[in-house]
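For reference, the structure discussed in these notes is given below.
The chains referred to below are lettered A, B, ... by the order of the sequence lines, with proteins before strands, and numbering in each begins at 1. The model shown is predicted, which means the values in this text are computed figures rather than measured ones.
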Protein chains: 2
Amino acid sequence: MDYIFLSKTKLFNEITENEIKVILNCLKSYTKKYDKGDLIYKQGEIISSIGIILLGSINIENDDIWGNKNILENISMGNIFGETYACIENEEIMVNVVAAEPCEILFINIDKVLRTCSNACKFHIQLIKNLLSLTSQKNISLTRKIFHTSPKSIRGRILSYLSYQAILKGNTEFEIPFNRQQLADYLSVDRSALSNELSKMEKDGIILYNKNKFKIINLNIFS
Amino acid sequence: MDYIFLSKTKLFNEITENEIKVILNCLKSYTKKYDKGDLIYKQGEIISSIGIILLGSINIENDDIWGNKNILENISMGNIFGETYACIENEEIMVNVVAAEPCEILFINIDKVLRTCSNACKFHIQLIKNLLSLTSQKNISLTRKIFHTSPKSIRGRILSYLSYQAILKGNTEFEIPFNRQQLADYLSVDRSALSNELSKMEKDGIILYNKNKFKIINLNIFS
DNA sequence: AAAAGTATGTTGTTATAACAACAAAGGAGT
DNA sequence: ACTCCTTTGTTGTTATAACAACATACTTTT
């Protein structure tokens with residue numbers, strides 16, 4: 001186990017490598033490998049472990065009753081997933097967790113962290129604090145997705161998403177972590193309509209793009 | 001201060017009335033009253049206090065760059081708001097918090113809870129645990145809104161929302177906490193289009209409704 | 001290098017939502 | 001009961017997104 005890597009993750013923020021070693025042992029954690037497309041957590045399951053991505057990345061997806069796939073989030077190496085459901089008892093997970101590429105996951109039973117946390121155990125308290133911070137941040141990323149999908153027009157959604165990416169990267173030229181289909185799913189629009197709108201926006205001189213590289217030319221927010 | 005009321009809230013779960021009294025004093029909490037429509041937290045502010053609603057209810061809203069108002073959530077008596085931003089340092093709040101009716105709010109500085117939490121203080125640990133649970137639950141309610149707004153058709157969104165409400169209330173007949181405009185905002189659709197679609201659904205024999213009372217007759221999920 | 005597979009772009013048609021403008025119903029206050 | 005005001009429903013028009021089907025890259029495999 002790469003404790004140095006783990007000590008740099010947000011989950012183990014302010015926890016030393018040796019302390020991590022103790023925690024992982026005490027909480028009976030284990031690792032598992034997955035291939036691209038493998039289902040890690042299935043909609044409807046009751047889970048009590050969080051996952052830390054040691055290698056690769058995963059997608060949080062929802063398949064609605066009509067079969068439309070909706071990508072809520074892509075989570076990469078060093079980050080965690082499942083904490084929302086693991087922190088609430090008997091709450092069915094409403095999403096699918098799917099390996100976006102070959103990956104390796106470390107699972108930690110969070111029930112134990114929450115139930116056995118006593119004043120005596122300093123690591124546990126820090127772990128809970130870190131979880132709180134992470135959950136809050138996930139909260140914000142969900143709020144952000146809601147922002148990007150609340151404009152009624154496709155152009156509005158694209159502008160919302162791209163302008164946020166530009167701010168995030170601190171540059172009007174940037175790469176996005178989605179391909180067209182994934183971006184369409186994220187914004188809840190049809191892929192071909194998205195492609196179509198992107199090329200219209202290029203014609204209108206608002207953006208330049210090639211694959212997942214974008215450049216914002218003139219963000220006319222009133223158009 | 002009504003400590004009995006507070007001891008029944010989720011935030012003070014497993015904390016006694018006397019302990020609450022100590023905490024509130026120690027954390028320099030204070031209360032404030034608002035009229036309907038008053039702005040409690042404004043988009044862009046850096047906040048470090050969470051609010052507990054002692055009386056009334058509040059709306060979490062977003063006004064986008066084109067002036068569309070988007071209601072993310074309605075939060076009622078005994079529940080908290082602002083914890084997402086208060087738990088992360090220097091994170092601007094991206095929403096407006098508005099009094100949905102006359103209300104009274106108890107503010108608690110969360111910075112102090114997180115920073116001064118030591119092994120010696122048992123209440124603080126419990127408070128953080130409770131916050132973690134609440135944040136996780138808020139997370140789920142955001143995910144739920146994403147579900148309700150991800151179908152591409154208005155009917156799909158209405159069905160998603162109403163069928164969830166029916167499950168929540170455990171009855172095919174129920175009241176919803178929104179008026180038409182608020183529901184339209186929540187589902188990110190035009191109000192008149194929503195009214196129109198609702199009456200079509202009634203004609204199609206799927207639902208019956210009057211104002212905010214609904215009855216699901218025949219949830220044909222494949223239509 | 002050819003073949004197969006995947007991702008992206010393009011176009012035309014159809015379905016649907018937004019919008020605007022108005023009508024009707026329901027409350028609140030005088 | 002009348003007026004004012006707010007909420008909800010209705011209709012027709014216009015704008016836009018979904019959808020389908022195909023074309024054109026670009027990748028990966030053999």
Can you tell me how far [atom2] of [N] sits from [atom1] of [X], to the nearest Å?
X        : N      : atom1 : atom2 : value
B:Gln182 : D:dT8  : CD    : P     : 8 Å
A:Asp185 : C:dT8  : CG    : C1'   : 15 Å
B:Met201 : C:dA17 : CE    : C1'   : 15 Å
A:Asn212 : C:dT6  : CG    : C1'   : 15 Å
B:Ile176 : D:dT7  : CD1   : C1'   : 13 Å
B:Glu197 : C:dC19 : CD    : C1'   : 16 Å
B:Asn196 : D:dT11 : CG    : P     : 8 Å
B:Leu183 : C:dA17 : CG    : P     : 14 Å

Looking only at side-chain atoms of [X], point me to the closest of [options].
X        : options               : value
A:Ala193 : D:dA18, C:dG9, D:dG9  : D:dA18
A:Arg180 : D:dA18, C:dT8, D:dG9  : C:dT8
A:Ser199 : D:dG9, D:dA17, C:dT10 : C:dT10

What does the list of N/O pairs under 3.5 Å between the protein and nucleotides 14-16 of chain D look like, with a distance for each?
none

If the condition is side-chain contact (heavy atoms from CB on, under 4.5 Å), which residues does [X] pass it with, not counting sequence neighbours?
X        : answer
A:Pro177 : A:Tyr161, A:Gln165
B:Asn109 : B:Ser48, B:Ser49, B:Asp111, B:Lys112
B:Leu208 : B:Glu202, B:Lys215, B:Ile217
A:Glu101 : A:Ser57

Practice item. Supply the atom-to-atom distance A:Ile52 CD1 to A:Ile50 CD1, rounded to the nearest 0.5 angstrom. Key: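 Rounded to the nearest 0.5 Å, the CD1-CD1 separation comes out at 5.0 Å.
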
**Study point:** Reported OG-to-CG distance for the pair A:Ser195 and A:Leu183, which is rounded to 0.5 angstrom
**Key:**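 If we round to the nearest 0.5 Å, A:Ser195:OG and A:Leu183:CG are 9.5 Å apart.
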
Review point. What bend angle does the helix from C:dA1-D:dT30 to C:dT30-D:dA1 show across its length, from five-pair end axes and to the nearest 10 degrees?
Key: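 It comes to 50° between the two terminal axes.
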
Check your understanding: Does A:Lys200 have any salt bridge (Lys or Arg N to Asp or Glu O under 4.0 Å) partners at least two apart in sequence or in another chain, and if so, which?
Key ->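 Here no residue qualifies.
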
Check your understanding: Can you name the salt bridge (Lys or Arg N to Asp or Glu O under 4.0 Å) partners of B:Glu89, sequence neighbours left out?
Key ->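 So B:Glu89 forms a salt bridge (Lys or Arg N to Asp or Glu O under 4.0 Å) with B:Arg115.
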
Check your understanding: Does any pair with a residue in residues 204-214 of chain A pass salt bridge (Lys or Arg N to Asp or Glu O under 4.0 Å), and if so which ones, sequence neighbours excluded?
Key ->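 Listed by first then second residue: A:Arg155-A:Asp204, A:Glu175-A:Lys213.
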
Review point. Only one of A:Asn74, A:Val95, A:Asn96 clears side chain to side chain contact (heavy atoms under 4.5 Å, CB included) with A:Asn59; which?
Key: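 Of the listed residues A:Asn74, A:Val95, A:Asn96, the side chain to side chain contact (heavy atoms under 4.5 Å, CB included) partner of A:Asn59 is A:Asn74.
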
Check your understanding: Is there any ring-ring contact (aromatic ring centres under 6.0 Å, His included) pair reaching into residues 192-214 of chain B, and which pairs are they, with sequence neighbours excluded?
Key ->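 Matches after skipping sequence neighbours: B:Tyr209-B:Phe214.
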
Practice item. Encode nucleotides 20-28 of chain C as B, S and - characters from 5' to 3', where the letter depends on protein heavy atoms closer than 4.0 Å: B to the base, S only to sugar-phosphate, - to neither. Key: B-----SS-

Check your understanding: Residues in side chain to side chain donor-acceptor pair (under 3.5 Å) with A:Lys21, at least two apart?
Key ->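 Partners of A:Lys21 under the side chain to side chain donor-acceptor pair (under 3.5 Å) test: none.
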
Check your understanding: When all nucleic acid strands are considered with a 4.0 Å heavy-atom cut-off, which category describes B:Ser195: base, sugar-phosphate, or nothing?
Key ->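 Touches a base.
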
